[in-house]
Structures are given as structure tokens and as C-alpha cells.
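See structure below.
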Amino acid sequence: MESMMAKYPFSEIEPKWQKYWDEHKTFRAVEDPAFPKEKRRYVLDMFPYPSGAGLHVGHPLGYIATDIYCRYLRMNGYNVLHPMGFDAFGLPAENYAIQTGTHPAVTTFANVERFKKQIAILGLSYDWDREVSTCTADYYKWTQWIFIQLFKKGLAYESDAPINWCPSCQTGLANEEVKDGECDRCQTKVTRKRIRQWVLKITAYADRLLSDLDKVDWPEPVKAMQRNWIGRSEGASVFFGIDGSSEKLEVYTTRPDTLFGATYMVIAPEHPLVATLTTGAQKAAVEAYVDAAARKSDLERTDLAKDKSGCFTGAYGINPVNGKKVPIWISDYVLISYGTGAIMAVPAHDERDWDFARKFNLPIIQVVAKEGSEAARIGTCGDPDECFAEEGIAINSGNWNGTPTAAFKQAISDWLEKNGHGRKAVNYKLRDWLFSRQRYWGEPIPLVHCPKCGIVPVPEDQLPLTLPEVQSYAPSGNGESPLALIDSWVNTECPVCGGKAKRETNTMPQWAGSCWYYLRYIDPKNSVAFADRAKIDYWMPVDLYVGGTEHAVLHLLYARFWHKVLFDIGVVNTDEPFQRLVNQGMMLGEDNQKMSKSRGNVVNPDDIIAEHGADALRVYEMFMGPLEVSKPWSTTGIVGSSRFLERLWAMSEKPLTEAAPEGELLRLMHRTIRKVSDDTGSLNFNTAISAMMVLSGEANKAETVSKQLWTVLLRLVAPYAPHLAEELWQKLGHSQSLSAEAWPSYDPGLCESDELTIVVQINGKLRADFVSGKDTAKEELEKLALALPKVQEYLQGHEVVKTIVVPNKLVNFVIR
RNA sequence: GCCGGCAUGGCGGAAUGGCAGACGCGAUGGACUCAAAAUCCAUUGUUCGCAAGGAUGUGUGGGUUCAAGUCCCACUGCCGGCACCA
């Protein structure tokens, strides 16, 4: 590999220019009112968790992309805010602390430093004066402040409903953190646990979180994932009477049109009416069933659900549409957390109910028939032999027979409402956000439990409520954080009455800090507000946000929620934080597998930079293909980018001429400016680089280099290979940084050649071509094409039925 | 099962409905060299042909069109998300 050592001294010029940018604060962003709003851009990277593992070449992909974009914008006269920071609370540092006794802050800051060094050598143009770390007290002071605002608005509440519990992480998890019944972080099977916890009422914002997706320029798949996660459905709430009782049982259904087909009801084992409904004869069986369900893990209740279980309560509901008595069963296929935790079962038109009814021999009545079928015509039919879950025409539904599903839904909802049996209803799959963690390394939740005054927030002027030092970082495992063991911290005074009170000992999840970090960058040192409103108005919203898809329904949903709350209390200027979102693709290993230590396919950027330089790494990562798609790393492939940069270095040693480029080279230069401008602006970096390679290749053919072309080329290259470009710019005699130079402009008239190759097709097949002047008239093109001997040959003995002429492009003869 | 996304040479990829494979990697041949590296030049989808020149070709099968990688319909495969949400 020594032999492939580059000839240009990147190992000298890269540190040189990094130092220059740093010392001159070249990329500092200032809220200069001289820039009108449309000349300001906020370009944001998803900030990293500073893990101990270090980076692989996939990590900087998005950072390089935004860096190129920002450098391009600055050269085009934009004021650009481009900050970086660290998502610094989190379990790895805490787990390390448990093993070694090292304070998580020590590990975290050491990792932050290492991380900064690793990204510094990439030459990224961040304004480091705005760096934030979510674990510092002057940062989490404001995380706590925002939490208090949520609390005051009634959006934070205490609950002791069963939650997802990770036995390995020893903490509760939000729904969004559970994948396939496993902890998203450690892949341990999640269990259910009943502990006191804090929950944020994200469901109160479900509708806006859904509808405002239409306002943002995000990839459709991410929007779709959020829509699915929110899971809005429209239907009806229906009240069933209970035989021999004054109680009512409320169910939610999306198919109120199938009410006549309800042959039984099911309530979840956790339903509050279980005890009331169960008759003496069924008591023992029901209690045993409830008990068994409680002991099942979520995975057993959902994943292994092919075989349904259940138990009759002995009670009967009364169907409001026909007064029929239907048995009420209890089964864990009904979820307590969705709708009302109770359903009407229509086995003929719901797969799950069908399975259940077949297993327990419950009646099945078909009430919807396929449109145009015999049953739809006569309004009735016998026992169905399969479940029919689609829409159709009502049958066996009394006076409603013949009504199409959609109309029936509307009509029956009105009827229910008029008669006091129900109403239209909307439901969401989205659940409230389990927000408390029983761990140490997170923001303390700033609340005090007072026996007299209840739950009281810590007064805002007493924030931050700092994390105390602890003897042991280990979670207690019984649902208390390590903070609970520090009596001196837990015991406090009630801020309202001054009496004895206890602090909340739960901490916030890692997501809390990342919910608003983009706002803190705007004014990171502010001690009287999380950010100055005028500065927020100056920069927000984030114009471009680049990061991985893994946060589609986690961080991106949580941050939108918090931002909307901040908008509602009037402290931010927009109701959505991130106007445009781009997901960078994954960098796979050379084996086309996900890069991971265990697979042994990790490529370290430090090694690549040592061998080829940061500019080569930057250019190569962008050249590999579109930003958004996943692609495998290629260690041999990078030499192509290296050679391109070497060629530029070699060109800089050729004599410069004052003569402007001529002919095709001039046109190519203008075309290249156009192409690189368009493609850089639209983040199509791979094709921009390709265009620069072509221009440099052509220009390099001569013994001398036109100075005009050279200054154009260096400016085009500058965002991509900034160190090399700065160095060569300086070599030209400039004393100012190239990053402040104006982006080159092009003459559209000089982008097109005078002479074009026109292709000739016979019946759509390419048969010949000829050269003609630009914008030659159609008739002339046809004449020229006809005159070609090859065309004559093909037309021999055939009749031309039709001729298509596309100016500047082609002539197509359709013959018979 | 449901909802997305993707499919082009040996490889990464390019292509407003108009010359498929730009650009790069790799490979082959050549120049330079005592030799190598680096560099430069040429060739490089497949196939028939000595050649000129044909044929064929963008996951599969249909369709629209003078013309389809691109638009429409139906499949297949891979990747991602959700999954008893009534």
C-alpha cells in the first residue's frame, strides 16, 4: 500500500486548513439582519450519542452531505446555521459506571472529546461555538423547564397501568422502544410490570401530529410510518346494555354497519367491569383466566396469538339495534389499551372474531354480502363458510337491508346518536408516552411529592435540579431509580407550603434532550430562556434535517410533539420544527452486510483518512451513489476519488494562461457549472462529482491551464474537497479563505454546443446519425436524414408511413 | 397478513418517454521503465461474424406509444416498518 501513497501532501494541508478555519472562526454563524429571511438556512444533522465504540465510515455520511451543502450555500450568499452537539445522556455510560464505578459524566465527556477529534479531521464546517451536550446542567435546566410547562398544561401525568419493562436495562420502555416484543436497545424480551410512572399525553396531539405531516417536506416512507404509528381510525362508540344490570358496556367499532351481526362481546382481562359482570358460577374460571393473562408476557399475548383463548363471564349484553342478548366473554385478544377495552364481536366479518367463534362454537350471522351477489339481492343467506371482512351490501339487518357499507356506517351512527346508544368516534393506535426511567444518568424529573399539596413542580427559578452524586449507579430493580436511595436528596421541602416533601426519583428518557436540542443551538449560552425568541424567529424552522431512518417514529415524533407544545405556549414561531427531512442511506460493509463489529466488516474512517486523506473520503462517500440509498463500501473504489484529487494537484503545477478557454472546453465549463450548481443544490452529489471529473479530465489534456477555468473549477470543488481547494486557492495568490468566495455563474447560452448529433431511427431502431447545427428546422432535419446512404438503404422498397422529428434530438421514420 | 421501498454490465452507479450503461472501480492490451509502482493511451453488456455489420439486452409476463429502464396492469425476488389496534 505504500506504493499507492498519494503525491499530494494531504496529511499536511488538511490539518493546516482545519486549524485555519478553527482559529479564524470561519464558520461562525451570526444573526445578521442584513440577510433577509430567504437568505438564511438552518441545516441540521442528527446529533450523535458519543459511544465508546468510535465511528465507522457510515457515520459521517450525513455529516459530509450537509457540510457540502452548507459550504455551497455560503458561497451562494446564504447565512447558514450549521451546529453540532451531543446526545449525552444514555445507558451505555451508566452501565459502564455500574461495572467500573467511573462516573458516567467522566466517560461521556471523554467520549465526546474522542468523537470531536474523529469528526474534526473530516473538515466539517460546524460552528463549534454553539456545541451543546444534553447532560450538562445548563442544558438540562431547560429540558426540565419544558417538562414543567408540559406538566402545567396537564400533559404529564402519573399512572400505574402495566408498562413495558426491560429486565436487562432495568427500566420501563415507551411503546416506540419495543420492537417485536424486544427491547430496541438490547434485544431482551420485554415483560409487563406494574409500577408508578410518568406519562406524557402525546395522544392529545395525535390529530395534529397526523394532519401536520402534510405541511412538511419529508420522505413519504417516514410520513407513512408516522401515520401508521398514530393509526387513526374512524368508527363508532356503541353502548350495549347489560342484562339484569343498569351498567352499560361501551365498545368501539370501525364497522357499526355490522351491528346486526354481533353475536357475542369480548372484554379485555384488565377491563374494570370484569368483577361486576362475572356471575357466581363463572367466578372461579374468570379469575383463573385473568390471572393467567396477567402472567403472560406481551409477546405471549400477541405473537403466539394464533390460538385464541377465552372464558365466558356468565353475563349478557343487549344489542341496541335489535335488543338481542349476546354473551359477554373475556379474552386477551382484546387489548385494554385500545378503544374501550371491549368489543362487539362480528365473526362473519372479522377474522379474529371468526377464529374465536369457531373455537368456542359461538353463532355466526352474515350481515354483509358481496355487491351483486344473490344474498345481497334477497337480503339474507345461510351460515357463511368463510369470513368476509370487506365492504358490501347489508343483509340480515332488518330495515337496513340493501344499504351499502359506507352509507350504512353513516346512517347507523346517526341513528345510534339520536337514540342515545352511541356516537361517531375516532381512535388512535398511538399511546401516551411512557416518560419516566428508573435509572441514574438522565434528567431528574423536577417534581416534588407533598402530602398536603400533592405533586408540585420545582419552582422555575430553582432549576436546574441537578443530578446528585450517588454511591451506587445500579438501579434498584424494584422500580426505583438509584436516586431513591439518597435520603438527603429525596427529602426536601414543599415549594408551596414549606412542609416536608419528597422529590420525584425517576429520570427522563434519552429522548427528552433530543426533543429540543435544535432550539438550544440557536442560543446555547442563554441563561434566562431556553433560547431568545428573536433568534428563534431569525433561524427557525430547520430548513434541512439529515439523519437515519431509525428515528422515524421515535425522536422525530417526540420532537414534533414537544415543538407543538412549545408553539402552543407561544415560545416558538412554527408548529413544525423540521421543514425538510432527508434520510441518508446505510453504509454497508464490503460484504454487503450491515457494518458491525461482530461481522468484522467495520471500516474505520481514521484509517482511510490516514491513507487517502479526508478530502478523498468525503468525495468518495458522496460519489458512491445517491445519498438516500444504502450501498456497500469499497476499499478499492476510493482510489478513483483519490486520483481525481491528485489530478487537481497535478494541474496546479502546470503553467497558467491568461487566455480564456475556447470552443468545446468553454462550453463544457459552463455546462459543468450548471450541472454542479443544480446537483449540489438538490443533494445529488454523485453526479456533480462526475461532472467535475469530466471537466478536469478535459482541461488536463492541455499543457497549460486557463486561469479562468481553474478558478472556476477550484470553486466548484471547494465544498467537496475543501482542504485541497483552499490550498490551491492560496497557491493562486489569494490570502482570503476560499469558503467566502462567490460561487461561479454560468452563461446558459454557452451551455449548449453549436453542433449536435442527431440520431436517425427506422421503426424506432437506431440506424444512423449525423451532425447538424443547433435548432435546425424540422424539415431540414428530415431532409438531412433522408439523404443519408444508410437510411436510403433501409427505406429501399418500403413506404414511409410517418416521420417523427424531435428537434436537436432525432428523426424517426416509420416504414411499412 | 398489511403498509412502504428497491430491482440496470464483473462491482458502485448514470439516464426531462427520444443514442441504455455517463462517471468511477475492476479487468485486458499497449506506452514509459533494467524492472516495478505511479502515470498515460486503447478496449471492456451479451452474442453471431475474419471483417464490414447484425442480433439481443435494464427482475418476469402482458399492455400503451412512432419510440419504454422510464408510463399502465399482473407477477417474482430482496430490504425496511407494522402486526389480535376491533
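Every chain is numbered from 1 and lettered A, B, ... according to where its sequence line falls, protein lines coming before strand lines. Side chains included, hydrogens not; waters and symmetry mates left out as well; all remaining heavy atoms used.
With distances taken from any side-chain atom of Lys790(A) to the nucleotides rG26(B), rA86(B), rG54(B), the minimum falls on rG54(B). The side chain of Pro626(A) sits closest to rA14(B) out of rA67(B), rA86(B), rA14(B). For Tyr794(A), whose side chain is taken as the heavy atoms from C-beta onward, the closest listed nucleotide among rC23(B), rG54(B), rC3(B) is rG54(B). Closest approach to the Met225(A) side chain among rA14(B), rG81(B), rG18(B) is made by rG81(B) (side chain taken as heavy atoms from C-beta onward).
Remark: the separation of the P atoms in rC75(B) and rC66(B) is 28 Å, to the nearest Å. Taking the P atoms as reference points, rG77(B) lies 15 Å from rU60(B), given to the whole Å. One P atom belongs to rG5(B), the other to rG12(B), and the distance between them is 22 Å to the nearest Å.
Within the 4.0 angstrom heavy-atom criterion, no nucleotide atom of any strand lies near Glu220(A). Contacts of Asn686(A) with the nucleic acid, taken as non-hydrogen atoms under 4.0 Å apart, involve only primed sugar atoms and P, OP1 or OP2. Within the 4.0 angstrom heavy-atom criterion, only backbone atoms of the sugar-phosphate kind lie near Lys631(A); the bases stay farther away. Using a 4.0 Å heavy-atom criterion, one finds that Ser337(A) contacts no nucleic acid atom at all. Looking at heavy-atom distances under 4.0 Å, Gly637(A) makes contact with sugar-phosphate atoms alone, never a base. At a threshold of 4.0 angstrom between heavy atoms, the contacts of Val694(A) are confined to the sugar-phosphate backbone, with no base atom among them. Among the protein residues, Thr687(A) comes within range of the sugar-phosphate backbone only, with heavy atoms under 4.0 Å from sugar or phosphate atoms but none that close to a base. Nucleic acid contact class of Asp769(A) (heavy atoms, under 4.0 Å, all strands): none. When heavy atoms are screened at a 4.0 angstrom cut-off, Arg431(A) is found touching base atoms of the nucleic acid. Residue contacts for Val334(A): at a heavy-atom cut-off of 4.0 Å it reaches a base atom on one of the strands shown. Looking at heavy-atom distances under 4.0 Å, Thr549(A) makes no contact with the nucleic acid at all.
The side-chain heavy atoms of Asp353(A) and Val266(A), taken from C-beta on, include no pair separated by under 4.5 Å.
In this structure, Asp353(A) atom CG and rA86(B) atom P are separated by 12 Å, rounded to whole Å. Note: CG (Asp180(A)) to P (rG80(B)) measures 11 Å, nearest angstrom.
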Can Tyr794(A) and Phe813(A) be said to form a ring pair (Phe, Tyr, Trp, His ring centres under 6.0 Å), step by step? CA-CA 10 Å; Tyr794(A) 274 97; Phe813(A) 296 106; over 10 Å; no
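Along RNA chain B, the nucleotide closest to Val178(A) and the one closest to Tyr338(A) are compared, and the more 5′ of them pairs with Val178(A).
Between Lys248(A) and Glu250(A) no salt bridge is recorded (no basic side-chain N to carboxylate O distance below 4.0 Å).
A donor-acceptor distance shorter than 3.5 angstrom exists from the side chain of Lys654(A) to the backbone of Asn700(A), with no hydrogens or angles considered. No donor-acceptor pair closer than 3.5 Å links the side chain of Ser753(A) to the backbone N or O of Leu756(A).
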